[in-house]
Amino acid sequence: MFGEPIPRREDPRLLTGQGRYLDDLGRGALAAAFVRSPHAHARIEGIDVDAALDVDGLVAIYTHEDLPPGVGDPLPLLIPHPALTHGRTARPLARDVVRHVGEPVAMVVARDRYLAEDAAERIRVDYEVLPAVVGIENAAAAERLVHEDVPGNVGAHLVQEVGDAPAAVAAAPHRLEFRLDIERSASMPLEGRGVYARWDPDEGSLRVYSSTQTSTGVRMALAARLGLPKTKVEVIAPDVGGGFGVKVVHPWPEEVLVPWAARLLGREVKWTEDRREHFVGAAHERGQVQRVRVGFDDAGRILGLDVTILHDHGAYTPYGIIVPIVTSTQLPGPYKPGAYRVEFTSLYTNTVIVTPYRGAGRPQGVFCMERTMDKIAAHLGLDRAEVRAANFIRPEEFPYDQGLTFQDGRPLIYDSGDYPRMLEMIKELIGWDGFAEEREAARREGRRIGIGLGCYVEGTGVGPYEGGHVEIDSTGRVHVATGLTSQGQGHQTVFAQIAAAELGVPIEDVTVATGDTRRFGYAVGTFASRAAVMSGNAIALACRRVRDKALRIAGEALEADPRDLEITDGVVHVRGDPTAAIPLRTVAVLANPLRYAFDEEARRATQFAVGGSPDEPPVPAGEEPGLEGRDYYSPVRSTFASGMHAAVVETDPETAEIRILRYAVVHDCGRMINPRIVEGQIHGGVAQGVGGALYERMVYDESGQLLNASFMDFLMPYATEVPRIRTGHLETPSPLNPLGIKGAGEAGVIPVSAVIASAVEDAEGIRIDAMPLSPDGLFRLRRRAAVDPALRVERLPA
Amino acid sequence: MSGEPVFEITMTVNGVRRGARAPARRLLSDFLRHDLGLTGTHVGCEHGVCGCCTVLMDGDPVRSCLTLAITAAGHEITTVEGLAPGDGEPSPVQRAFQECHGLQCGFCTPGFLCTVTALLRDNPRPTDEEVLEGISGNLCRCTGYQNIVASVHRAAELIAESGDGS
Ligand code: FES
Ligand code: FES
């Protein structure tokens with residue numbers, strides 16, 4: 001069962017329109033709509049709601065002044081890293097100043113969304129427009145400030161050092177220095193955010209549904225904001241139509257305001273984000289400028305690497321500075337960079353906030369490292385794969401300590417991997433050796449093709465913990481619950497596979513609940529490729545407890561030593577003796593001594609039926625009734641998945657169009673629970689990577705208007721843009737957890753920009769230092785390279 | 001501002017005559033989802049690009065977010081809820097999507113299913129190119145499309161096997 005590519009158990013529901021996404025709930029609930037700032041930076045002079053008051057169906061309008069303390073206060077700074085010296089967060093509704101287009105200024109509640117928007121449209125807000133800070137370099141120049149009390153627009157500054165990199169670079173036989181640019185993109189799940197809240201006045205309790213990646217996080221935040229005991233707040237993530245990082249941020253302004261209004265009004269209230277709101281009111285990622293200095297020897301081995309990063313974190317920092325921390329610590333990848341120094345400055349701009357999007361800073365770090373590898377190869381006239389191999393951590397060097405501090409505050413120690421083997425696999429899969437002839441043959445036909453390679457290591461499965469609860473009921477059904485949420489990862493399938501394998505029951509008997517605080521209250525969330533590692537192991541551990549208990553009880557009933565028992569197909573039996581057997585459903589009955597018999601099965605558990613010593617309590621000390629168990633998995637540190645991608649691209653000599661002809665992925669996420677689902681995760685990640693490499697960018701003008709805030713203008717790949725992906729798997733089990741698994745969620749996206757840049761550079765013989773790369777971008781590069789030899793790259797051996 | 005005029009809007013949805021009172025500006029997507037309670041049709045952009053809201057109107061795919069409910073009055077609408085033949089079995093297209101792991105979060109899926117159902121009716125054995133072309137108006141942010149393309153081919157096979165195209 002574990003390791004088999006079984007079809008997903010969530011699919012029959014989702015394929016027949018029976019999914020329950022946020023906006024499918026709460027038919028008849030009041031609808032909320034928001035008045036958002038049209039300016040990137042402005043002072044609110046006044047808000048006039050008069051014209052909105054006679055809109056039919058209007059229920060309420062709220063501005064900052066209406067919000068009580070707690071509700072109206074600045075939102076929490078979720079990850080208070082010490083380097084974030086000037087963390088600033090927004091208020092749910094702006095008080096004096098708005099700092100990005102899309103910031104909420106007023107909330108309208110009405111009978112339905114049409115009417116709520118009618119009213120929102122009639123609310124007049126007077127603004128004094130202030131100059132906007134847009135673009136990383138303008139932020140760094142700090143001629144204008146985003147927050148008056150944040151000098152230099154600098155929210156955070158962090159240096160990590162291993163050895164003396166500047167000295168190592170200076171002393172190296174070869175040196176290079178260059179700049180790299182990566183633009184903004186965004187998670188862009190097809191379902192936007194949304195919140196639906198119900199207040200029960202009799203019980204004084206709140207139930208909130210949110211399209212979130214962390215229902216337990218939302219619950220804690222709401223309890224704190226609204227002054228409710230945690231036991232009076234339930235938060236449920238229903239079916240979620242994609243997350244990719246953006247939905248881990250919490251509480252969103254809307255997530256505080258909608259439940260607050262539901263309680264105040266004593267009515268159900270729902271808000272469903274529309275697409276434009278998602279562009280300007282949620283979060284983006286990626287934007288960085290990197291300056292690199294590298295020193296290396298004749299074999300291309302890096303002796304010193306010195307990287308300075310300017311990171312644009314937008315107008316506020318609710319999620320802290322995880323992204324640049326991940327960039328700086330994952331940048332070394334599968335290599336030993338000799339001495340390493342990385343310094344980042346995280347800057348405020350008058351743009352939408354920046355929080356993790358699948359990859360969470362890794363695509364930028366990998367872009368930096370892999371561009372560096374290619375430049376070293378070009379400089380020395382070496383094969384790009386050889387240069388990488390010369391820098392690899394060897395299989396016998398694990399566990400390998402990079403000497404840095406990872407995003408979880410723990411040392412960055414890689415657990416396992418086999419990078420040389422992986423390189424062989426990817427070269428084979430893409431046809432690396434012999435590509436030079438292929439390229440020449442194409443050239444003779446007037447075609448330009450090129451090959452590219454990219455390697456990465458991904459810290460997965462960060463703590464602090466996840467838990468699992470497993471209960472076998474008296475019909476033999478197995479109920480598994482874990483607190484983290486699902487957004488399409490197939491948790492109902494993979495967690496059931498784990499439980500079925502651990503317990504020895506048919507998978508048809510297992511159901512899995514996720515993201516529902518009523519079922520499991522302690523959890524962190526689904527992000528950072530952590531769900532399979534964290535909840536997978538927690539569920540396995542909980543199953544082992546239940547299994548032990550089942551064997552103990554069955555041992556008593558069968559008068560056998562529990563060590564001689566095993567469970568097959570839901571039946572406990574003596575190994576080698578199928579006649580001495582008892583079904584788990586009966587064990588479940590026996591596990592719960594009863595006073596009342598409500599059916600035939602229950603009769604067997606009443607005090608008259610159950611034997612046992614009259615001098616012992618029916619539930620022995622240290623035991624609990626019921627065939628159930630709960631356990632947690634809390635790792636000392638992260639696991640480290642790895643992978644290598646390669647691509648062959650063709651560029652049109654005239655139109656500069658870039659086409660991906662072949663794409664290959666080799667991936668190591670430790671033991672795979674379900675290879676089909678792992679493969680799906682990779683495909684989806686690569687597609688997002690292709691978007692980031694060739695199409696997706698957030699185009700802000702100098703006044704801070706997002707010019708392409710629609711699916712018409714923000715170009716996400718359709719089926720026609722994504723290449724066929726060939727995948728190979730390598731499984732080096734993690735020694736850190738019982739199941740030996742790492743994570744797979746983000747892997748596909750991480751090296752794609754690096755790979756495409758490498759391949760286009762190879763096809764064109766022009767330096768590619770900025771992504772994404774559009775046809776017109778490449779066209780302009782060609783023109784510049786025609787007159788500037790510094791932009792040209794010598795043809796590489798492969 | 002007094003209430004806007006509402007109209008009795010009636011159409012055949014998944015073979016059943018359904019009606020509700022709604023104003024002239026009600027989108028077909030909202031009408032299906034909120035007035036009729038058929039929430040299987042999803043809304044991803046509300047501006048005609050993502051294809052999540054695709055339903056079949058008189059058998060042809062339309063974007064229900066770009067269609068006013070009132071203009072669909074009197075027409076035959078098929079939504080994802082109506083794709084299965086009704087005997088409890090999934091349609092070949094639905095079956096193929098499960099077999100080939102053609103969905104992850106499932107949000108884009110109803111739009112793909114409707115699009116592909118019409119595509120295979122018009123072209124029962126599409127080439128790779130024709131499949132790409134046929135689904136090139138639907139966005140999916142999860143799957144990378146490779147398994148969706150495989151699902152379409154698989155569905156074509158299943159339909160051919162069943163012999164009657166139903
Ligand atoms: S919701 Fe209709 S096309 Fe996107
Ligand atoms: S399956 Fe999630 S958008 Fe397609």
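Note: hydrogens, waters and symmetry copies are ignored here, and every other heavy atom, side chains too, is used. Because the structure is predicted, anything quoted here is derived from the model rather than measured. Numbered from 1 within each chain, the chains take letters A, B, ... in sequence-line order.
- Proximity to chain A (any heavy atom under 4.5 Å) is restricted, for B:Asp35, to the backbone atoms N, CA, C and O.
- Side-chain atoms of A:Arg27 come within 3.5 Å of backbone atoms of B:His34 as a donor-acceptor pair (strictly under, hydrogens ignored).
- By a heavy-atom distance cut of under 4.5 Å, B:Arg25, B:Arg26, B:Leu27 are the residues of residues 12-28 of chain B near chain A, going up by number.
- At a 4.5 Å heavy-atom cutoff, the contact between A:Tyr114 and chain B is made by backbone and side-chain atoms alike.
- For chain B, the option among A:Met712, A:Arg275, A:His683, A:Met716 with the highest count of heavy-atom pairs below 4.5 Å is A:His683.
- The ring pair (Phe, Tyr, Trp, His ring centres under 6.0 Å) test applied to A:Tyr196 returns A:Tyr209, not counting sequence neighbours.
- Using a cutoff of 4.0 Å between basic side-chain nitrogens and carboxylate oxygens, A:Glu117 and A:Arg276 are not scored as salt-bridged.
- Contacts of A:Arg676 with chain B are made by both backbone and side-chain atoms, with heavy-atom separations under 4.5 Å.
- Contacts of A:Pro723 with chain B are made by backbone atoms alone, with heavy-atom separations under 4.5 Å and no side-chain atom involved.
- The residue among A:Glu696, A:Glu679, A:Glu273 with the most heavy atom pairs within less than 4.5 Å of chain B is A:Glu696.
- Using a 4.5 Å cut-off between heavy atoms, A:Gln681 contacts chain B through both its backbone and its side chain.
- If you measure heavy-atom distances from A:Ile677 to chain B, the contacts under 4.5 Å come from both the backbone and the side chain.
- Only the backbone of A:Ser187 comes within contact range of chain B, with heavy atoms under 4.5 Å apart.
- Contact of A:Asp23 with chain B is made through backbone and side chain together, with heavy-atom distances under 4.5 Å.
- By the side-chain contact (heavy atoms from CB on, under 4.5 Å) test, B:Thr115 is found to be paired with B:Thr54, B:Asn138, residues two or more places apart in sequence or in another chain being considered.
- For a residue to count as touching a neighbouring chain, one of its non-hydrogen atoms must lie under 4.5 Å from one of that chain's; by this rule B:Phe107 touches chain A with backbone and side chain alike.
- Checking A:His645 against A:Tyr663 by side-chain atom types alone, a donor-acceptor pair falls below 3.5 Å.
- Shown here are the side chain to side chain donor-acceptor pair (under 3.5 Å) partners of A:Ser710, two or more places apart in sequence or in another chain: A:Asp713.
- B:Glu81 and B:Thr79 share a donor-acceptor pair across their side chains, judged by distance under 3.5 Å alone.
- Panel note: side chain B:Thr143, backbone B:Tyr145; a donor-acceptor pair is recorded below 3.5 Å.
- The pair B:Glu157-B:Arg154 meets the salt-bridge criterion, with a side-chain N (NZ, NE, NH1 or NH2) lying under 4.0 Å from an Asp/Glu carboxylate O.
- A donor-acceptor contact shorter than 3.5 Å is absent between the side chain of B:Gln94 and the backbone of B:Leu113.
- Between chain B and the options A:Arg13, A:Gln487, A:Gln688, the largest number of non-hydrogen pairs under 4.5 Å is found for A:Gln688.
- Comparing A:Gly684, A:Gly685, A:Ala687, A:Gly748 by how many heavy-atom pairs each has under 4.5 Å with chain B, the most go to A:Gly684.
- Heavy-atom distances place the side chain of A:Val722, and not its backbone, under 4.5 Å from chain B.
- Within the 3.5 Å criterion, the main-chain N or O of A:Arg9 finds a donor-acceptor partner in the side chain of A:Thr493.
- With a 4.5 Å cut-off on non-hydrogen atoms, A:Asp274 touches chain B through its side chain but not through its backbone.
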